[in-house]
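For reference, the structure discussed in these notes is given below.
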Amino acid sequence: MSSRKVQLIYRFILFLLLLIGLASNLITSLFNGFQTYAYYTFQSNIICFIIIVFQLSDTISSLRKHQYYGDSEKFVRIQFLACIWITITCLVYNILLGNPLTPLYWTKNLHNPLLHLIVPILFVSDFLLFSARREISKWLPLSAVLFPYLYITFIIIRVRIIDFIYNPIPSYVVKYPYFFLDVSKIGYIGVIKWIGILTVLFLVFSYALKFIYDHTKQY
C-alpha cells in the first residue's frame, strides 16, 4: 500500500503541471485562431486532467477519513485507457513531430514539453504507483482504439464544416492537425495506412501496459 500523503503531493504536482500546460496551450492558441481544440494532444491531456482531478479529490477524501495508506480503487480502468492515449501522444509527437534533444523543443513554449513528455510520463507513473491491482479483462485493451477512432471521426466532420463555411479557407485555419490525416497530401490510402499503423501501436502498448500492471505490485 502506498502513502496517501505521497499520493496527494504527487497528484497535486501533476494537477498543477496539467493546468499550467493546458492554460499555456489555450493562451497561445488564442493568438493563432484558437485551433488547439482540434489537436489530439490537447484532447488527450484534457482527459488526463479530468481523471487526475477525480483522483486527487478521492485521495483528499481518504485522508479526511484518516485512511493514510492505501491504493486508488476508483477510476482504474478509465485511467488505464487514458495511459494508452497519453502515451501515444508522447510517442507520436516526440518521434514524428518534435525532437526533445533540441533546445527549441524546451524553449519555444511552456506547454510543449509539459503536455508531450513530462505529463505523459508522470500520468502513467501515477497509474502504476498508486492504482490498486484490480483485474483488467483481456478485452479492455481493445477499447483503447475507441477514443482515437472518435477523434478521427471528429476531424473528418470538422474538415467538412470548414469546407462548408470558408471559401477560400483563411491561412490561420488548420484543416488537418497532423500530416498523417491530411488527405490532400497523402491521399485516402495514405491516411488508411497510418490509421492501421497507429491502431497496431495502440493495441501493442495497451497489452504491454496490462502486462506491466498485472506483474508489478506496490509496496
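Heavy-atom basis, side chains included; hydrogens, waters and symmetry copies ignored.
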Notebook entry, point to check: Any donor and acceptor pair, going by atom type alone, linking the side chain of Thr199 with main-chain N or O of Ile195 inside 3.5 Å?
Noted result: yes
Next item on the list: Mind checking the NZ-CG spacing from Lys65 to Leu63? Nearest 0.5 Å is all I need.
Entry: 11.0 Å
Check: Is the count of non-hydrogen atoms from other residues, nucleotides or ligands lying under 6.0 Å from Leu16 atom CG greater than 12?
Finding: yes
Margin query: Between Ser57 (side chain only) and Val53 (backbone N and O only), is there a donor and an acceptor less than 3.5 Å apart?
Written below: no
Note to self: Do Ile212 and Trp139 land in one hydrophobic cluster if side-chain heavy atoms of ILVMFWY residues count as linked below 4.5 Å?
What the structure shows: yes
Margin query: Using the rule that Ile, Leu, Val, Met, Phe, Trp and Tyr join whenever any side-chain heavy atoms are under 4.5 Å apart, tell me whether Ile121 and Leu129 fall into a single cluster.
Written below: yes
Item checked: Nearest heavy-atom neighbours spanning Leu115 and Gly21 -> CD1-O, 3.7 Å
Next item on the list: Provide the closest heavy-atom pair for Leu117 versus Asn94 in the form atom of the first, atom of the second, distance.
Entry: CD1-ND2, 4.0 Å
Next item on the list: Walk me through it: do Leu56 and Leu8 pass the test side chain to side chain contact (heavy atoms under 4.5 Å, CB included)?
Entry: CA-CA 7 Å; Leu56 185 58; Leu8 179 65; 3.7 Å; yes
Next item on the list: Measure across Phe130 and Gln7 and return the closest heavy-atom pair with its distance rounded to 0.1 Å.
Entry: CD2-CG, 3.4 Å
Check: Would one find more than 12 heavy atoms of other residues, nucleotides or ligands at under 6.0 Å from atom CZ of Phe154?
Finding: yes
Note to self: What I'd like to find out is whether the side chain of Tyr151 reaches to under 4.5 Å of the side chain of Gln43, using heavy atoms alone.
What the structure shows: yes
Next item on the list: Any chance you could lay out the side chain to side chain contact (heavy atoms under 4.5 Å, CB included) test for Tyr10 and Ser125, step after step, and finish with the verdict?
Entry: CA-CA 10 Å; Tyr10 186 101; Ser125 298; 3.2 Å; yes
Check: Are any non-hydrogen side-chain atoms of Ile84 and Phe147 less than 4.5 angstrom apart?
Finding: no
Notebook entry, point to check: Are Gln55 and Phe15 close enough that some pair of their side-chain heavy atoms sits under 4.5 Å apart?
Noted result: no
Item checked: Between CG on residue Leu198 and CG on residue Leu91, distance to nearest 0.5 Å -> 10.5 Å
Notebook entry, point to check: How far apart are the closest heavy atoms of Lys210 and Ser137, and which atoms are they?
Noted result: CE-O, 3.5 Å
Notebook entry, point to check: So does Phe179 have more than 12 non-hydrogen atoms from other groups sitting under 6.0 Å from CZ?
Noted result: yes
Check: Got Tyr93 and Tyr40 here, is their nearest side-chain heavy-atom distance under 4.5 Å?
Finding: no
Checklist line | Test item: Pro177 and Gln35 side chains (from C-beta on) under 4.5 Å apart, heavy atoms | finding: no
Checklist line | Close side-chain approach of Phe12 and Thr59, heavy atoms under 4.5 Å | finding: no
Item checked: Side chain Arg133, main chain Ser131, donor-acceptor under 3.5 Å -> yes
Next item on the list: Give a yes or no on whether Ile118 and Leu104 share a hydrophobic cluster (residues Ile, Leu, Val, Met, Phe, Trp, Tyr; joining criterion: side-chain heavy atoms under 4.5 Å apart).
Entry: no
Note to self: Using side chain to side chain contact (heavy atoms under 4.5 Å, CB included), reason through Asp126 and Ile52 one step at a time and then give a plain yes or no.
What the structure shows: CA-CA 9 Å; Asp126 176 276; Ile52 286 300; 4.3 Å; yes
Note to self: Less than 4.0 angstrom from a charged side-chain N to a carboxylate O is my criterion; do Lys175 and Asp163 meet it?
What the structure shows: yes
Next item on the list: Please round to the nearest 0.5 Å and tell me the distance separating atom CG of Leu146 and atom CG of Leu81.
Entry: 8.0 Å
Checklist line | Note, Thr41 side chain near Val92 side chain (heavy atom, < 4.5 Å) | finding: no
Next item on the list: For side chain to side chain contact (heavy atoms under 4.5 Å, CB included), just list the numbers for Leu14 and Phe123, CA-CA rounded to whole Å, side-chain angles, deciding distance to a tenth of an Å, and then say yes or no.
Entry: CA-CA 7 Å; Leu14 181 50; Phe123 186 83; 4.3 Å; yes
Note to self: Taking Gly70's backbone N and O only, do any of them form a donor-acceptor pair with Ser2's side chain (distance below 3.5 Å, no angle check)?
What the structure shows: yes
Checklist line | For Gly98 against Pro100, the heavy-atom pair lying closest together | finding: O-CD, 3.9 Å
Next item on the list: Specify whether Tyr178 and Tyr39 have parallel, tilted or perpendicular ring planes, treating 30° as the upper limit for parallel and 60° as the lower limit for perpendicular.
Entry: perpendicular
Notebook entry, point to check: Is NZ or CZ of Lys5 both nearer than 6.0 Å to the six-membered ring centre of Tyr68 and within 45° of the ring axis?
Noted result: yes
Note to self: If hydrophobic clusters are built by linking Ile, Leu, Val, Met, Phe, Trp and Tyr wherever their side-chain heavy atoms come under 4.5 Å apart, do Val191 and Leu150 end up in the same one?
What the structure shows: no
Notebook entry, point to check: Does any N or O in the side chain of Tyr207 come within less than 3.5 Å of the main-chain N or O of Lys138, such that one atom is a donor and the other an acceptor?
Noted result: yes
Notebook entry, point to check: How close do Val174 and Arg158 get, heavy atom to heavy atom, and via which atoms?
Noted result: O-NH1, 2.7 Å
Item checked: Atom pair CD1/CG of Ile51 and Asp58 - distance to nearest 0.5 Å -> 13.0 Å
Margin query: Rounded at 0.5 Å granularity, tell me how far CG in Leu22 sits from OG in Ser29.
Written below: 12.0 Å
Next item on the list: Would you give the length of the straight line joining atom CD1 of Ile78 to atom CG of Leu140, rounded to the nearest 0.5 angstrom?
Entry: 8.5 Å
Notebook entry, point to check: So, Thr28 versus Asn109: side-chain donor-acceptor pair below 3.5 Å or not?
Noted result: no
Next item on the list: Side-chain contact test, heavy atoms from C-beta onward, threshold under 4.5 Å: evaluate it for Asn112 versus Trp106 and give yes or no.
Entry: no
Notebook entry, point to check: Is the side chain of Ser24 donor-acceptor paired with the backbone N or O of Ile20 at a distance under 3.5 Å, no angle test?
Noted result: no
Check: For the hydrophobic clusters of this structure (ILVMFWY residues joined by side-chain heavy atoms under 4.5 Å, transitively), does one cluster hold both Val200 and Ile197?
Finding: no
